[in-house]
Amino acid sequence: MPLSNEPDKLSPPAPTDEPPTEDTLCDIAAPPDEPCSIPEIETMTTEQFEQQAAAAERTRAEIEQRDREFLAALDQVLEKQKIRDVQPRTPPPPPRRNIAVGLVKKGVGMISLALILIFMGVVMLVCLFSRSPDYLLPLKLSPLAAVLIGLELLVGYLTSGKHFRMHIPSIAISALLVVGCCIMAAALNKSYSDTKTEYNNRSVAAEIYDSSYKELRYVSDISVLKVEVDLNPDGVGSEKGMEALSADDTVNIFIELGGSFDSPAGFAAECKKIIDSYKILGIPVTNFTFINEGRLHSFKLEAEGKFIQDYSESKLMELVSYIYIENYDYIHDLEDFTEPAEESADNAA
């Protein structure tokens with residue numbers, strides 16, 4: 001076959017450095033007899049390519065940053081876990097609600113017991129260290145124990161789904177504690193009241209004695225004076241003085257007169273002067289006891305009550321008990337005579 005200078009239609013074109021044109025692409029892709037239709041190829045500019053590259057770089061940097069943060073957090077967790085493994089473990093404190101629910105589940109009565117212990121302890125401390133204590137205060141406040149137990153029952157009924165149980169030992173201890181505190185308070189109050197009343201009685205008796213001495217030392221010859229006072233323990237009786245004495249109080253005066261009296265009339269006249277002096281002082285004396293004993297006689301007069309104190313000298317003389325020396329000898333002889341007779345009667349029995 002002879003060689004021809006015309007190019008072969010079937011052989012592909014020789015490669016060149018220039019980009020292929022649309023006509024060249026049509027020659028390659030389409031058959032010779034068909035029209036060439038090449039789809040449009042989306043072209044990308046340099047600016048868009050740079051933007052996509054920058055976005056990809058930012059995404060890669062964010063991923064690397066998240067990885068570093070995750071690794072750092074994981075290292076911290078591992079370090080804390082290592083420290084916890086080395087140190088002794090202590091359980092975390094439960095919340096207040098868990099404590100309350102736990103106590104309610106254990107039984108109603110434990111919270112009330114704790115509150116009653118605190119309350120009774122504070123009240124007793126206040127009573128013991130007060131200058132004018134009221135030892136009946138625990139007894140007066142004891143119903144609060146029932147209020148506390150009732151409130152705990154109500155709270156347990158509402159918080160535990162209407163199903164709760166009672167802690168019988170705690171309630172029993174609470175009851176014993178309240179009863180014991182009340183008994184102790186009553187005993188302390190009685191002891192304190194008795195001591196205070198006795199002291200007040202002695203104080204008022206001393207006041208009456210001083211007033212009697214100032215008034216009677218120039219009125220009569222008195223060798224012995226004794227004053228006994230029993231104030232009314234109710235109300236304010238244990239807190240009043242001589243100026244507040246009333247009919248409820250008891251004042252006994254025992255007087256031994258000096259000197260000698262020849263007759264019951266003189267003795268009764270001396271007693272009348274002393275009774276009138278106490279009326280002037282304003283002291284409501286309940287009972288008077290006068291005595292006078294000498295070598296030759298013995299006189300005694302008891303004026304009990306307000307009516308006898310208002311008697312005249314003649315009436316008081318009728319109440320005087322007296323014995324003269326002649327009667328003493330008779331009485332002694334009679335005693336000596338009756339003594340052996342009684343002994344013989346005892347032996348016979």
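These numbers come from a predicted model, not from an experiment.
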S.K.: Between K279 and D310 (salt bridge meaning N to carboxylate O under 4.0 Å), is one present in this structure?
M.R.: yes
S.K.: Under the side-chain contact (heavy atoms from CB on, under 4.5 Å) rule, what do L231 and V204 come out as? Steps first, then yes or no, please.
M.R.: CA-CA 9 Å; L231 300 177; V204 174; 4.0 Å; yes
S.K.: Hey, could you give me the CG/CG distance between N252 and N287, rounded to the nearest 0.5 Å?
M.R.: 4.5 Å
S.K.: So do the side chains of I222 and I274 get within less than 4.5 Å of each other, counting heavy atoms only?
M.R.: yes
S.K.: Does CG belonging to D67 count more than 12 external heavy atoms closer than 6.0 Å?
M.R.: yes
S.K.: Please check if any side-chain donor atom of N292 sits under 3.5 Å from a side-chain acceptor atom of H297, or the reverse.
M.R.: yes
S.K.: How does the hydrophobic cluster around F307 look, that is, which other residues are in it when side-chain heavy atoms under 4.5 Å mark a link?
M.R.: none
S.K.: If you round to the nearest 0.5 Å, how far is CD1 of I283 from CD of E207?
M.R.: 9.5 Å
S.K.: For R66 and E69, run salt bridge (charged side-chain N to carboxylate O under 4.0 Å, His left out): C-alpha distance rounded to whole Å, both residues' side-chain angles, the deciding distance at 0.1 Å, then the answer.
M.R.: CA-CA 5 Å; R66 285 197 297 270; E69 292 176 355; over 6 Å; no
S.K.: Parallel under 30°, tilted from 30 to 60°, perpendicular over 60°: which one fits the rings of F267 and F290?
M.R.: perpendicular
S.K.: Quick check for you: to the nearest 0.5 Å, what is the distance between I253 atom CD1 and I275 atom CD1?
M.R.: 11.0 Å
S.K.: With a 4.5 Å heavy-atom cut-off, do F254 and L225 have their side chains touching?
M.R.: no
S.K.: Among the clusters formed by ILVMFWY side chains lying less than 4.5 Å apart, do L177 and V126 turn up in the same one?
M.R.: no
S.K.: With the 4.5 Å side-chain cut-off for hydrophobic clustering, are L125 and M184 part of the same group?
M.R.: yes
S.K.: Is L216 linked to F261 within one hydrophobic cluster, defined over Ile, Leu, Val, Met, Phe, Trp and Tyr using a side-chain heavy-atom separation of less than 4.5 Å?
M.R.: yes
S.K.: Taking the six-membered ring for Trp, are F288 and Y278 ring centroids under 6.0 Å apart?
M.R.: yes
S.K.: For a 4.5 angstrom cut-off between non-hydrogen side-chain atoms, does F299 reach P264?
M.R.: yes
S.K.: Within the supplied structure, the quantity of interest is the number of heavy atoms (other residues, nucleotides, ligands) at a distance under 6.0 Å from E47 CD; does it exceed 12?
M.R.: no
S.K.: Within this structure, what is the NZ-CD distance for the pair K273 and E313, rounded to the nearest 0.5 Å?
M.R.: 9.0 Å
S.K.: Report the residues that fulfil side-chain hydrogen bond (donor to acceptor under 3.5 Å, both in side chains) with K226, sequence neighbours left out, ordered by chain and then residue number.
M.R.: none
S.K.: Quick one: closest heavy-atom pair of L301 and L316, and the distance?
M.R.: CD1-O, 3.8 Å
S.K.: Using 4.0 Å as the upper bound for N to carboxylate O, is an ion pair formed by K300 and E302?
M.R.: yes
S.K.: Do NZ/NE/NH1/NH2 and the carboxylate oxygens of K214 and D210 come within less than 4.0 Å?
M.R.: no
S.K.: Treating Ile, Leu, Val, Met, Phe, Trp and Tyr as nodes and any side-chain heavy-atom pair under 4.5 angstrom as an edge, say whether Y213 and V229 lie in one connected cluster.
M.R.: no
S.K.: Taking all non-hydrogen atoms of both residues, which atom of V320 and which atom of A268 are closest, and how far apart?
M.R.: CG2-CB, 4.1 Å
S.K.: So, does S298 use its side chain to make a donor-acceptor pair with the main chain of I323 at under 3.5 Å?
M.R.: no
S.K.: Would you say Q309's side chain and V285's backbone share a donor-acceptor pair under 3.5 angstrom?
M.R.: yes
S.K.: So, taking the atom named CD1 in I255 and the one named OG in S212, what distance separates them when rounded to the nearest 0.5 Å?
M.R.: 7.0 Å
S.K.: Report yes or no: do S277 and E215 form a side-chain donor-acceptor pair below 3.5 Å?
M.R.: no
S.K.: So, taking the atom named OG in S223 and the one named CG in L257, what distance separates them when rounded to the nearest 0.5 Å?
M.R.: 7.0 Å
S.K.: Would a single hydrophobic cluster contain both V123 and L144, if residues Ile, Leu, Val, Met, Phe, Trp and Tyr are joined by side-chain heavy-atom contacts under 4.5 Å?
M.R.: yes
S.K.: Please check: side-chain N/O of K272 versus main-chain N/O of S314, any donor-acceptor pairing under 3.5 Å?
M.R.: no
S.K.: Taking distance alone, no hydrogens or angles, what donor-acceptor pairs closer than 3.5 Å link side-chain atoms of residues 110-122 to residues at least two apart or in another chain?
M.R.:
| unit_1 | atom_1 | unit_2 | atom_2 | d |
| --- | --- | --- | --- | --- |
| S112 | OG | L148 | O | 3.3 |
| S112 | OG | E152 | OE1 | 2.3 |

S.K.: Are R60 and E64 ion-paired here, with the side-chain N under 4.0 Å from a carboxylate O?
M.R.: yes
